[in-house]
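In what follows, a single structure is set out as structure tokens and then discussed.
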Amino acid sequence: MKKIVVLTGAGISAESGIRTFRDSDGLWEEYRIEDVATFEAWLRNPALVQDFYNQRRKQLYEVEPNAAHYALVELEKKFEVQIITQNVDDLHERAGSANVLHLHGELKKSRSTIDPYLVYDIKGWELKMGDKCEKGSQLRPHIVWFGEEVPMIVPAAKLSAMAGIFIVIGTSLNVYPAAGLIHEAPYSGTKYLVDPNDCRVSHIPNLTFIKEKAGSGVPKLVEKLMAKSC
Ligand code: OAD
């Protein structure tokens, strides 16, 4: 069975109603990364950081996967599919994708501030100051903040290197190391990119750019791949 690796970013969840980060109406237009998405921000004003992620989590309970998430599940009928997502939402899982690797953490989880291996499911949308891990330290959002290490990048790079087909959906490819994964995919392998806006990918060999929103572009691409003999 041919292996397909799919790298997704905020754009795949945009049509579900989750804001991207760097588009004109993106989250980083309203908030400063330095205030809500760094460890220094957490040390300075943990309540503000908690509130930012609580709002994101609350919204996650109000949205649903869209046609792009569901189309990727369809692909599993014919291919071995590995999703590598930069998104902290759970829309791939809720659509039914079997193999999802989260590079930047998961909104619905918390982790200990003294032991990174202590990770918990958050019950409901709110993580509060005073919520503690079993070792007694404050719980923080299970999110990879700017400047922090990305523990899942090593397995993600290994998986990318095994891709027969590499698909990129809805990411500005601005944030490393995630943006570098496309270079881990086999040089001569087939690659697709789905995004309604121009992307900095002209230098990538064997890449087909589908300049469409994920909700329409991904189902079309999936239909094409399903129709091909492999
Ligand atoms: P960005 O906001 O940087 O990029 C979103 C991409 O989605 C852009 O290329 C848009 O053109 C595209 N897009 C917008 N609407 C779309 C749609 N309907 N269908 C398909 N594509 C669409 O988001 P990411 O690249 O995911 O990290 O950002 C990477 C990381 O930066 C995030 O994981 C987050 C952020 O800061 C952390 O918070 C650690």
Side-chain angles (χ1 to χ4, degrees), residues 6-42 48-50 52-57 59-60 63-72 83-92 95 100-109 111 116 140-153 156 167-182 192-202 204 207-222:
V6 189
L7 174 67
T8 64
I12 195 169
S13 298
E15 288 157 272
S16 292
I18 298 180
R19 285 160 74 185
T20 63
F21 295 96
R22 295 177 184 79
D23 288 306
S24 55
D25 60 346
L27 277 171
W28 298 151
E29 289 293 312
E30 188 178 343
Y31 300 90
R32 280 167 20 106
I33 288 173
E34 300 79 9
D35 291 339
V36 295
T38 66
F39 189 64
E40 291 70 29
W42 170 257
L48 178 72
V49 175
Q50 291 280 41
F52 174 76
Y53 288 101
N54 281 341
Q55 294 312 315
R56 312 273 79 73
R57 200 176 300 111
Q59 194 206 9
L60 188 49
V63 302
E64 299 290 340
N66 64 54
H69 297 101
Y70 288 115
L72 293 176
I83 311 277
I84 299 175
T85 188
Q86 298 167 84
N87 298 344
V88 295
D89 66 50
D90 60 349
L91 296 183
H92 285 300
V100 184
L101 180 154
H102 284 271
L103 277 175
H104 292 164
E106 292 173 73
L107 208 40
K108 287 187 175 171
K109 292 185 177 169
R111 78 166 178 266
R140 57 168 274 181
H142 183 46
I143 302 287
V144 174
W145 287 323
F146 285 88
E148 293 191 309
E149 107 181 83
V150 184
M152 296 309 283
I153 197 66
I167 304 173
V168 180
I169 305 167
T171 169
S172 60
L173 295 172
N174 258 298
V175 176
Y176 284 81
L181 286 174
I182 194 164
Y192 296 94
L193 185 140
V194 184
D195 199 297
N197 298 308
D198 284 325
C199 297
R200 301 171 303 172
V201 289
S202 50
I204 309 270
L207 183 127
T208 304
F209 180 21
I210 301 167
K211 197 174 177 191
E212 273 193 57
K213 287 186 175 181
S216 56
V218 177
K220 276 187 212 163
L221 173 59
V222 167

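Just so it is clear, the values below take in all heavy atoms, side chains as well, and ignore hydrogens, waters and symmetry mates. Counting starts at 1 for both ligands and their atoms, following the listed order.
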For [atom], what is the nearest protein heavy atom, given as residue, atom name and distance?
atom                    : answer
atom 17 (C) of ligand 1 : G11 O, 3.3 Å
atom 30 (C) of ligand 1 : V175 CG2, 3.7 Å
atom 4 (O) of ligand 1  : S172 N, 3.3 Å
atom 27 (O) of ligand 1 : H104 ND1, 3.5 Å
atom 25 (O) of ligand 1 : T171 OG1, 2.7 Å
atom 5 (C) of ligand 1  : G170 O, 3.8 Å

Item to complete: Measure the acute angle between the ring planes of F52 and Y31, then classify it against the limits of 30° and 60° as parallel, tilted or perpendicular.
Response: perpendicular
> Below 3.5 angstrom, do we get any N/O pair linking C199 and ligand 1?
Replying inline: no
* Would you please determine whether W145 falls within less than 4.0 Å of ligand 1 on a heavy-atom basis? => no
For this session: Work out whether the distance between some heavy atom of D195 and some atom of ligand 1 is less than 4.0 Å.
Result: yes
Hits for side chain to side chain donor-acceptor pair (under 3.5 Å) against T208, two or more places apart or cross-chain, chain-then-number order -> none
Applying side chain to side chain contact (heavy atoms under 4.5 Å, CB included) to S13 and not counting sequence neighbours gives I18, H69, N87, D89, L91
Practice problem: Look at K213 together with E15 and state whether they make a salt bridge at an N to O cut-off of under 4.0 Å. | Solution: no
query = Between the side chains of Q86 and T8, does any donor sit under 3.5 Å from an acceptor?
reply = no
